> 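Can you read through this structure? Questions will come right after.
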Amino acid sequence: MQFFDPDIIKQNLHDNQFVQEIHVYQSVTSTNTLAKRLADAGAPSGTLLLAEKQTAGKGRMGREWISLEGVGLWFSLIFRPQNVGIDYRLLPLILSEEIALAIQEHTGIQAGVKWPNDILVDGKKMCGILCESSYGGPGLQYVISGIGINVNHAKSDFPEDLQGIAISLCIDSGRKHNRLNLLCAILKNLEKRFCGKSSIKNDLSHWRRLCGDLGSQIGVSVNGTKYTGIFQDISESGEMIFREKKGKVRKFVSGETTIVKMPPR
Ligand code: BTN
């Protein structure tokens, strides 16, 4: 099994303007927890923390994120608001879009996005993103974005209850993928997005094209209440715009979605 080496990552990133510091670990509790510690100690925007294995990987809604050694990409990025010039409420959407596009370009696999911050392949979850914000003083101090990508897992690497809903790039394509090249392709896309022209920074048009649920009848669970209706669009600040059967329009900032019916194509 090939392990990550920070010098080799640096070489492969060439002069990537987005990545400012690289920290690689063999085994950690959670790269998000460590990133928070580094950010509190003043680490810059664009700090990357990557681990071969996490012993207490964190998922959304307090769930566990299983992070086996050497088969996935488990990493966190530190973002500071003043440095990147994007609307931070859009960060999960922007990251999922850029990662899905990097996967498509790099592997040919048709990765799509699911609101608010998952990447799906063949309707199953291949990547999850956990954004954790820290406030203090005048407002938002930093956001830690933790990204987990299932790359070279075999089906049996997932616990039985996840085998029907989780997938890896290897399961989908029937071949192993080079994790270093995929990581660098993602970071290249993030450089283009965050250090490039400001006109594209908050543009969600690609995200909309990558999202298979737009226009579909879906179920959304928000704080224990389940709503059914049509996923109409995404607002400028990344909320889901949702129309219930009786016509009432709601906006959700977060939630869990399930598809009920696809629109006719
Ligand atoms: C989700 O539940 O969909 C979000 C999963 C996020 C997992 C990643 S793996 C790297 C980073 N460190 C963590 O503890 N979690 C995130």
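The structure displayed is predicted, hence computed values, not measured ones. Indexing begins at 1, ligand by ligand and atom by atom, following the structure's order. The figures that follow rest on heavy atoms only: side chains count, while hydrogens, waters and symmetry mates do not.
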> May I ask whether Met61 places a heavy atom under 4.0 Å from ligand 1?
no
> What do we get for Ile129 next to ligand 1 when only non-hydrogen atoms under 4.0 Å count, side chain, backbone, both or neither?
backbone
> Could you point out which residue of Arg209, Arg193, Lys192 forms a salt bridge (charged side-chain N to carboxylate O under 4.0 Å, His left out) with Glu97?
Arg193
> Answer with side chain, backbone, both or neither: which part of Asn117 has a heavy atom less than 4.0 angstrom from an atom of ligand 1?
neither
> In plain terms, say whether Glu244 and Arg250 are close enough for a salt bridge, that is, a side-chain N and a carboxylate O under 4.0 Å apart.
yes
> Check the orientation of Phe242 and Tyr227. Use parallel for under 30°, tilted for 30 to 60°, and perpendicular for over 60°.
perpendicular
> Is the closest N or O pair between Trp65 and ligand 1 shorter than 3.5 Å?
no
> Nearest non-hydrogen contact with atom 3 (O) of ligand 1 belongs to which option: Lys114, Lys125, Glu64, Arg60?
Lys125
> Do Lys114 and Glu256 meet the salt-bridge criterion of a basic N to acidic O distance under 4.0 Å?
no
> What protein heavy atom sits nearest atom 15 (N) of ligand 1, and how far away is it?
Lys58 O, 2.8 Å
> At what distance, to the nearest 0.5 angstrom, does NZ of Lys201 lie from SG of Cys195?
7.0 Å
> Which heavy atom of the protein is the closest neighbour of atom 11 (C) of ligand 1, given with residue, atom name and distance?
Thr31 OG1, 3.3 Å
> Tell me whether Trp74 is reachable from Ile149 by hopping between hydrophobic residues (I, L, V, M, F, W, Y) whose side-chain heavy atoms are closer than 4.5 Å.
no
> For atom 9 (S) of ligand 1, what is the nearest protein heavy atom, given as residue, atom name and distance?
Gln54 NE2, 3.3 Å
> Does Gly57 have a non-hydrogen atom less than 4.0 Å from ligand 1?
yes
> Which of the atoms in ligand 1, numbered in the order shown and given with their element, are less than 4.0 Å from a heavy-atom of Asp118?
3 (O)
> Are any side-chain N or O atoms of Asp122 and backbone N or O atoms of Lys124, one a donor and one an acceptor, separated by less than 3.5 Å?
no
